[in-house]
Amino acid sequence: MNPLPLLLTLSSLLFALGLLAVLTRRNAILILVGIELMLNAANINFIAFWRYGSVEFDLTGPLFVMFSIAIAAAEAAVGLAIILMVFRHTRSTDLNRLDSLHG
Amino acid sequence: MNYSALFIQLLPEAVLVITALLLLGVAVTIEARTGRPIPVDLTIVISSLGIVGACAALNFCPANPASGTTLLVMDPLARVFKAIVLGLGLLAVLLPPARREIAQPGEFHALLLFALTGLLLTVGTTHLLFLFVALELASLSLYLLAGFSRTAKAAEASLKYFLFGGVSAAFFLFGLSLLYGYCHTLTLPAMAAALEGGHSLPAFAVVGLVMVVVGLGFKLAAAPFHYWAPDVYQGSPATSVALIAAASKAVGAVVLVRLLLMGFGEAAGSAAWGLMQPGWSLWIGVLAAVSMVFGNVLALAQTSVRRLLAYSAVANTGYLLVAISANGAVAAGAALFYVVVYGLATFGALAVTAAVERERGDDSLGSFAGLVHRSPLQAVALLIFLSSLAGIPPLAGFVGKFVMFGAAMSASTTDGIPGLTWLVGLGAVMSAISLYYYLMVLKQAFVREAADATPVALSMSHRLAMLIPALLLVALGLCPAMLLSPVTQALLATLLGR
């Protein structure tokens with residue numbers, strides 16, 4: 001049995017869960033967690049397509065995943081720095097309390 | 001490719017990175033010696049020299065058209081837009097950050113150079129892995145630049161920019177993974193080859209392409225992915241906003257054009273009225289309509305000039321998406337010309353706003369009252385920038401819109417009936433509406449009396465940052481071929497050369 005559809009279902013579920021977290025959570029750190037879930041869903045896709053779909057031998061899939069893991073780490077570092085900066089000003093990471101900008 | 005060839009290929013980026021590291025070193029040394037941060041003027045001089053050096057280095061890069069598995073591409077489009085991005089970056093550097101906002105100008109300008117490096121790399125690749133890495137290098141630097149000043153507003157703007165950007169990057173990556181699954185390759189020319197034959201994409205590849213377009217829509221601030229834009233424009237330091245509004249947007253447009261026309265020309269569908277077919281052309285057309293309506297209508301209600309410029313950015317993205325949705329090389333070339341002209345005008349308007357803000361403390365419409373008496377130079381420059389944005393002849397913005405809409409009409413004509421009339425007509429109506437809010441700002445500057453008419457003092461580089469775009473807009477309005485034909489020819493050569 002070709003496990004590709006199963007893996008794609010898993011990654012889609014993971015992506016949807018991440019998106020759900022982003023849309024419903026009001027805490028900046030939990031939104032960041034949601035974004036990481038979405039990025040990792042894409043990584044599963046790359047590996048799955050490479051392992052079960054590729055016609056010739058190449059390493060594009062795993063290579064992409066290596067890079068995207070590194071970028072996700074950099075993104076988390078930058079994100080936490082920004083959240084820390086916001087926390088210094090407002091003493092909270094709750095997005096509902098960020099309302100200094102409006103028209 | 002050996003390492004020396006690779007280095008020469010990367011020479012402009014290498015110059016920028018070396019300058020950034022040098023700048024950090026100098027900043028640390030000066031701070032250690034004198035106990036005070038490096039003077040802003042010095043960082044401006046060093047980073048401008050770096051950018052000019054990178055521009056010069058661009059001439060040494062050998063041509064390297066997209067093929068097989070090339071990561072770094074130096075086709076005509078890349079060459080022209082690397083020069084343009086460097087030019088827009090140089091303008092952003094000339095706009096000095098406010099002294100009370102930015103405590104560490106050395107780090108600020110170093111980050112700006114890193115962001116420019118990312119933007120340059122993004123323009124010069126057709127490999128989607130490399131594209132993603134380069135885009136993230138630019139984006140991560142821009143998130144930090146957006147929050148660099150020590151105000152609560154900047155921190156909030158930066159967080160919103162980051163969260164929206166992170167989600168859109170995830171969409172982009174997931175979309176890429178689906179496209180990889182269908183094509184089994186990540187270079188655009190190979191993708192185009194895999195798609196050839198005219199059979200329609202399977203559902204998951206369509207979803208992938210939609211997600212990639214969503215990711216780029218964020219970068220371009222197209223509605224409905226624009227929610228970060230007003231807050232970032234309002235809260236972030238003017239220099240960062242200038243980079244985000246001009247250079248980053250131009251790069252977003254180039255990537256979109258490259259991706260759609262070079263890689264997915266086969267999956268275009270049609271946005272022509274009555275002949276609509278599913279495909280990216282239709283999605284882009286819908287995005288264009290939503291952006292034009294949203295941007296222009298919401299801009300009417302703004303009292304903060306920076307927010308007004310943000311909504312005008314959304315509206316202008318709509319105009320250029322109209323031309324991209326026509327799916328023609330000439331129309332796309334006109335769109336790329338327009339994004340540069342738009343970038344110059346918005347940059348100039350931001351520079352004037354920054355000057356007013358520094359003097360009056362805020363960017364509300366009332367702060368612009370009597371600008372013509374306080375500083376005729378600024379008022380006239382503002383007149384040029386806003387008239388160009390509104391599309392009043394003989395300025396470059398008028399020519400840009402005219403060429404773009406004309407090309408969109410003729411590219412979408414089948415059997416003598418132009419299919420995109422609905423979008424172009426909407427664009428024309430919305431442009432007329434936009435005249436109202438641009439004139440509202442100009443009315444404050446020229447008609448209203450100022451409470452006090454003390455002249456405004458400006459630094460030399462700030463003055464240059466207003467003069468250069470103003471002169472360019474007038475020159476490009478009188479002689480658009482200076483920029484239009486190189487951009488269009490570069491795009492045509494790039495598309496045919498694949």
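Predicted model only: the values in this text are computed from it and were never measured. Labels below follow one simple rule: chain letters A, B, ... track the order of the sequence lines, proteins then strands, and each chain is numbered from 1.
- Using a 4.5 Å cut-off between heavy atoms, Leu19(A) contacts chain B through its side chain alone, with no backbone atom that close.
- Listed options Ser177(B), Ala169(B), Ala146(B), Ala157(B) were ranked by heavy-atom pairs under 4.5 angstrom with chain A; first place goes to Ser177(B).
- Taking the six-membered ring where tryptophan is involved, the planes of Phe49(A) and Phe204(B) are essentially parallel, since the angle between them stays under 30° and well short of 60°.
- Of the inter-residue distances, the one linking Ile35(A) atom CD1 with Phe162(B) atom CZ reads 5.5 Å to the nearest 0.5 angstrom.
- When each of Ala152(B), Gly175(B), Ala310(B) is scored by its heavy-atom pairs under 4.5 Å with chain A, the top score falls to Ala152(B).
- Taking all atoms of both residues into account, the shortest heavy-atom contact from Leu176(B) to Phe46(A) is C-CZ, 3.9 Å.
- Across every non-hydrogen atom of Phe174(B) and Met38(A), the tightest pair is CD1-O, 4.5 Å.
- Between atom CG of residue Leu129(B) and atom CD1 of residue Ile71(A) there is a gap of 7.5 Å, rounded to the nearest 0.5 Å.
- Ranked by non-hydrogen atom pairs under 4.5 Å with chain A, the options Ser139(B), Ser158(B), Ala154(B) are led by Ser158(B).
- Ranked by heavy-atom pairs shorter than 4.5 Å toward chain B, the options Glu36(A), Arg88(A), Glu75(A) are led by Glu75(A).
- For a residue to count as touching a neighbouring chain, one of its non-hydrogen atoms must lie under 4.5 Å from one of that chain's; by this rule Arg306(B) does not touch chain A.
- Rounded to the nearest 0.5 Å, atoms CZ (Phe64(A)) and OH (Tyr180(B)) are 10.0 Å apart.
- Separating the CD1 atom in Ile83(A) from the CG atom in Leu163(B) is a distance of 6.5 Å, to the nearest 0.5 Å.
- Of the residues considered (Thr151(B), Leu178(B), Leu137(B)), Thr151(B) shows the highest number of contacts with chain A, using heavy-atom pairs under 4.5 Å.
- Heavy atoms only, all atoms of each residue included: Val86(A) and Ala155(B) are closest at CG2-O, 3.4 Å.
- Both the backbone and the side chain of Ser11(A) come within less than 4.5 Å of a heavy atom of chain B.
- Neither the backbone nor the side chain of Ala70(A) comes within contact range of chain B; no heavy atom of the residue lies under 4.5 Å from a heavy atom of that chain.
- The CG atom of Leu159(B) sits 6.0 Å away from the CG atom of Leu95(A) when rounded to the nearest 0.5 Å.
- Of the atoms belonging to Asn43(A), it is side-chain heavy atoms, and not backbone ones, that fall under 4.5 Å from chain B.
- Note that CZ of Phe148(B) is 9.5 Å distant from CE of Met85(A), once rounded to the nearest 0.5 Å.
- In this structure, Phe15(A) and Met211(B) have side chains that are in contact, with non-hydrogen atoms separated by less than 4.5 Å.
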